[in-house]
Amino acid sequence: MSKLLNFLGGGVIEKLGNVVDNLSTSDEERLAAKQAMEEVLMQAEVQAQQEVTKRWEADMRSDNWLSKNIRPLICIFLTGIFVVISIFDGNVGSFNISPSYIPIYQTLLITVYGAYFAGRSIEKIKKK
């Protein structure tokens, strides 16, 4: 999980660890500070995911069609626009995806698959 957080968060834990390395004097202090920061960041991630789940549940309980479908519609629109832009960006004559789009696709795939499959698994466990 920390690898995923490092990947998605741009290495926040690693950067904080470097700050601690520069401020602390002993190895024990650095290790304790890094562990404390990792725990705080993990707890923040768990809390953020719980809040997202609460918003999704509230949207699904609504009687309004738009509130139930706004997230999927935005996701479809943004994904479509991104794919069109990334395919046609500099591709006159031959198809060649720009290397700058690859990390974005990787992050999107990890996020979508993680949210869908992990989220669905948690929902199934909760129902039981």
Side-chain angles (χ1 to χ4, degrees):
M1 183 67 171
S2 67
K3 287 183 182 179
L4 178 63
L5 286 176
N6 277 336
F7 178 73
L8 294 177
V12 173
I13 293 173
E14 184 179 334
K15 290 175 185 175
L16 289 174
N18 291 338
V19 170
V20 170
D21 285 343
N22 293 332
L23 296 176
S24 299
T25 57
S26 74
D27 290 341
E28 292 173 354
E29 288 175 334
R30 283 193 290 269
L31 182 60
K34 285 180 182 179
Q35 288 174 342
M37 284 189 293
E38 284 184 18
E39 186 176 321
V40 167
L41 289 171
M42 291 293 241
Q43 289 173 352
E45 176 65 20
V46 167
Q47 185 177 6
Q49 290 301 323
Q50 289 172 346
E51 293 301 317
V52 168
T53 300
K54 287 179 187 176
R55 286 193 301 272
W56 287 354
E57 288 172 350
D59 286 348
M60 292 313 290
R61 284 192 302 266
S62 172
D63 291 334
N64 187 324
W65 180 87
L66 185 59
S67 68
K68 287 183 178 182
N69 294 297
I70 191 69
R71 286 187 181 92
L73 291 171
I74 289 172
C75 186
I76 290 167
F77 172 76
L78 292 176
T79 302
I81 292 297
F82 179 73
V83 168
V84 167
I85 289 171
S86 66
I87 287 175
F88 290 108
D89 183 26
N91 285 318
V92 177
S94 65
F95 180 75
N96 208 2
I97 191 109
S98 174
S100 61
Y101 292 109
I102 293 172
I104 298 169
Y105 276 111
Q106 289 173 334
T107 302
L108 286 172
L109 286 170
I110 289 171
T111 304
V112 169
Y113 286 132
Y116 181 77
F117 291 110
R120 291 293 297 155
S121 299
I122 291 169
E123 287 175 7
K124 289 178 182 179
I125 291 169
K126 275 186 166 181
K127 287 182 182 179
K128 290 181 182 180

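Note that the structure is a prediction, hence the values are computed from the model and not measured.
Here Val112 pairs with nothing under the side-chain contact (heavy atoms from CB on, under 4.5 Å) rule; sequence neighbours left out. For Ile70, the side-chain contact (heavy atoms from CB on, under 4.5 Å) partners at least two apart in sequence or on another chain are Leu66, Ile74. Checked against side-chain contact (heavy atoms from CB on, under 4.5 Å), Ile81 has the following partners two or more places apart in sequence or in another chain: Phe77, Ile85. Under the salt bridge (charged side-chain N to carboxylate O under 4.0 Å, His left out) criterion, Glu51 pairs with Lys54, sequence neighbours left out. By the ring pair (Phe, Tyr, Trp, His ring centres under 6.0 Å) test, Tyr101 is found to be paired with Phe82, residues two or more places apart in sequence or in another chain being considered. Scanning for side-chain contact (heavy atoms from CB on, under 4.5 Å) contacts around Ser62 gives Asn64, Ser67, with sequence neighbours left out.
One finds the CG atom of Leu78 at 11.0 Å from the CG atom of Leu73 (value rounded to the nearest 0.5 Å). To the nearest 0.5 Å, the span separating CD on Gln50 from CD on Glu45 amounts to 10.5 Å.
With no hydrogens or angles considered, no side-chain donor-acceptor pair links Glu39 and Gln35 at under 3.5 Å.
Both Leu108 and Ile87 belong to a single network of hydrophobic side chains, linked directly or stepwise wherever heavy atoms of I, L, V, M, F, W or Y lie under 4.5 Å apart. Both Ile104 and Val83 belong to a single network of hydrophobic side chains, linked directly or stepwise wherever heavy atoms of I, L, V, M, F, W or Y lie under 4.5 Å apart.
Smallest separation of non-hydrogen atoms from Cys75 and Thr79: O-OG1, 2.7 Å.
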